[in-house]
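For clarity, every value in this text was computed on a predicted model and none was experimentally measured.
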Amino acid sequence: MPLTPLVYWAQRHEEIYLRVELTDAQNIDVHVHEKVLQFRAQGHGAKGQNEYEFSLEFLLPIKSEVTHKSTQRQVNITVKKEQRGWWERLTQQERKPVFLVPDFDRWLDESDAEMEIQEKEEKRNRRRASRHKEEGFVSLKTGFLFVYNLVQFLGFSWIFVNMTVRLFIFGKDSLYDTFHTISDVMFFCQILAAVEVLNTAFGVVRTGVIPTVIQVVGRNFILFIIFGSLEEMHNQPVVFFVFYLWSAIEIFRYPFYMLGCFNTEWKTLTWLRYTIWIPLYPLGVIAEAVAVVQSIPIFDKTKLFSIPLPKAIGTSISFSRILYIYLVLMFLGLCINFRHLYKQRKRRFRTKKRKAN
């Protein structure tokens, strides 16, 4: 004959919890018909290993979906009420069955259950508010990056278009007055480029800090020290080639980042961003190296930025010696950045290929 197990119960406004004291339960059968729940299983209960069953007619209607989970010590059953509310008792009959006892581990009275609901609602509201703050931060960051990349794109686009138009109109003559016509905008763009170092350092943008520092510091060294401090360099044609190569790279890089702010992609622009640097970046470094070499005799002659020494040692150390060291570091930086950019390109197009497959 089937035996009746010990059943513990507790309720909330929307659910009923039943805990059936049955060890190593097997062949569990739980189903609901109208307001009646029927349970049958085999396991080790109060009267040893046997088949156990019970049925409960609830006070009010319940939903037909019943979930149960068996552990080594018990069977946990969750029943959902048809309508949200607090029941004065569990069963239809006023006198509860002898096998049914309150589950004091989960027992709450109506007021405590209401407080539990309020706490859950407060937690949800806090999570929602936190999510809104994060979304607000993301929106602020996205807006900041978009505006920054837009300003840089407009600046370098003006430089590139201006230099191209002047080259077609004035021919070779435009090479000699590039600094006087373009330098102000180039100064602005390269000073603003320091923001990229801060973005990578503080994690606003996920990219390598060292390659970014090498590019920004290297360009500003050429712009401010080699070109800006030597008036003799202002009319050199090398200024045109340096500025033109820099701007040719950036007019593809910054619009790519602008679209990336909104998770948008233009395949042609993506290919150009990850490919155009292959010829232009080394050419830019070569043009920068030519500018450094041309400036060395001028620094020797003017003694500008020379480092004074005590009379017992000598007169001074010419800045040109530092420039020789800088030339070596420049090509070392080229290797580091070229390797970094090649890895980026390989990773980008490998991912694309995998998605296509």
Side-chain angles (χ1 to χ4, degrees), residues 144-167 169-170 173-201 204-205 209 211-258 276-277 280-281 283-296 298-299 302 304-305 319-320 322-323 326-327 329-330 333-334 337:
F144 164 73
L145 291 176
F146 179 80
V147 171
Y148 168 77
N149 289 310
L150 176 62
V151 171
Q152 289 289 64
F153 170 65
L154 294 176
F156 280 107
S157 295
W158 183 90
I159 293 172
F160 184 82
V161 172
N162 192 299
M163 294 177 69
T164 303
V165 171
R166 289 177 58 81
L167 182 63
I169 295 175
F170 301 109
D173 292 338
S174 67
L175 304 182
Y176 300 99
D177 64 350
T178 298
F179 188 86
H180 299 287
T181 57
I182 304 297
S183 61
D184 289 340
V185 180
M186 185 61 78
F187 279 131
F188 171 79
C189 291
Q190 284 306 129
I191 291 173
L192 193 60
V195 174
E196 296 182 29
V197 177
L198 299 177
N199 287 342
T200 56
V204 178
V205 175
V209 178
T212 305
V213 171
I214 290 174
Q215 177 168 311
V216 173
V217 173
R219 284 188 180 184
N220 285 344
F221 182 86
I222 298 296
L223 180 62
F224 289 96
I225 303 300
I226 304 300
F227 294 154
S229 64
L230 296 177
E231 190 173 347
E232 295 86 346
M233 293 294 297
H234 293 179
N235 297 324
Q236 295 295 328
V238 70
V239 178
F240 173 89
F241 293 104
V242 171
F243 285 6
Y244 203 72
L245 290 168
W246 285 359
S247 59
I249 293 174
E250 305 302 15
I251 60 174
F252 298 110
R253 189 166 72 97
Y254 285 114
F256 171 79
Y257 291 150
M258 288 165 56
I276 200 73
W277 62 267
L280 296 185
Y281 190 73
L283 288 175
V285 173
I286 291 172
E288 293 172 21
V290 170
V292 172
V293 171
Q294 290 181 351
S295 69
I296 288 176
I298 303 173
F299 279 110
T302 60
L304 184 65
F305 300 138
F319 186 69
S320 61
I322 297 175
L323 293 180
Y326 180 77
L327 284 172
L329 296 177
M330 180 186 297
L334 170 64
N337 273 11

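- Taking all atoms of both residues into account, the shortest heavy-atom contact from Ile214 to Gly333 is CG2-CA, 4.0 Å.
- Taking 4.5 Å as the limit, every side-chain heavy atom of Asn149 sits out of range of all side-chain heavy atoms of Phe256.
- Nearest heavy-atom pair, Pro255 versus Glu250, reported as atom, atom and distance to 0.1 Å: CD-O, 3.9 Å.
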Exercise for the section: Check the pair Glu288 / Phe221 against side-chain contact (heavy atoms from CB on, under 4.5 Å), numbers first and verdict last. Expected result: CA-CA 10 Å; Glu288 293 172 21; Phe221 182 86; over 6 Å; no

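- Two residues are said to be in side-chain contact when any heavy atoms from C-beta on lie closer than 4.5 Å; Met233 and Val238 meet this criterion.
- With contacts defined as side-chain heavy-atom distances shorter than 4.5 Å, the pair Phe144/Asn199 qualifies.
- The CZ atom of Phe188 sits 14.0 Å away from atom OG of Ser183, with the distance rounded to the nearest 0.5 Å.
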Exercise for the section: Walk me through it: do Ile159 and Trp246 pass the test side-chain contact (heavy atoms from CB on, under 4.5 Å)? Expected result: CA-CA 10 Å; Ile159 293 172; Trp246 285 359; over 6 Å; no

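- Counting heavy-atom neighbours within 6.0 Å of Glu231 CD, excluding the residue itself, gives a total of 12 or less.
- Taken from CZ in Phe187 to CG in Asp184, the straight-line distance is 7.5 Å, to the nearest 0.5 Å.
- Nearest heavy-atom pair across Asn235 and His180 is OD1-NE2, 3.3 Å.
- Classification of the Tyr244-Phe160 ring pair by plane angle, with boundaries at 30° and 60°, yields parallel.
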Problem - Residue pair Ile225, Phe305: steps toward the side-chain contact (heavy atoms from CB on, under 4.5 Å) verdict - result: CA-CA 10 Å; Ile225 303 300; Phe305 300 138; 4.0 Å; yes

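- At a threshold of 4.5 Å between non-hydrogen side-chain atoms, the residues Asp177 and Arg166 count as touching.
- When all heavy atoms are compared, the tightest approach of Gly155 to Cys189 is CA-SG, 3.7 Å.
- Not counting sequence neighbours, the partners of Leu280 by the side chain to side chain contact (heavy atoms under 4.5 Å, CB included) test are Leu245, Ala248, Ile249, Ile276.
- A 4.5 Å side-chain heavy-atom check between Phe299 and Ile226 finds at least one atom pair inside the cut-off.
- Side-chain contact between Met330 and Val285 is present, with heavy atoms from C-beta onward closer than 4.5 Å.
- Taking the six-membered ring for Trp and thresholds of 30 and 60 degrees, Tyr254 and Phe156 have nearly parallel ring planes, at less than 30 degrees apart.
- Val213 places none of its side-chain heavy atoms less than 4.5 Å from the side chain of Thr200.
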Exercise for the section: Take Tyr148 and Leu145, measure what side-chain contact (heavy atoms from CB on, under 4.5 Å) needs, and give me the verdict at the end. Expected result: CA-CA 5 Å; Tyr148 168 77; Leu145 291 176; 5.5 Å; no

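- Annotation for Leu323 and Ser295: closest pair CD1-OG, 3.6 Å, computed over non-hydrogen atoms.
- We find the CD-CD distance between Gln190 and Gln152 to be 7.5 Å, quoted to the nearest 0.5 Å.
- Taking CE of Met186 as the start and CZ of Phe179 as the end, the distance is 10.5 Å to the nearest 0.5 Å.
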Exercise for the section: Test Glu196 against Arg253 for salt bridge (Lys or Arg N to Asp or Glu O under 4.0 Å), laying out the working first. Expected result: CA-CA 13 Å; Glu196 296 182 29; Arg253 189 166 72 97; 3.4 Å; yes

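- Atoms CD1 and CZ, on Ile182 and Phe243 in that order, are 8.0 Å from each other to the nearest 0.5 Å.
- With values rounded to the nearest 0.5 angstrom, Ser229 atom OG is found 5.5 Å from Leu304 atom CG.
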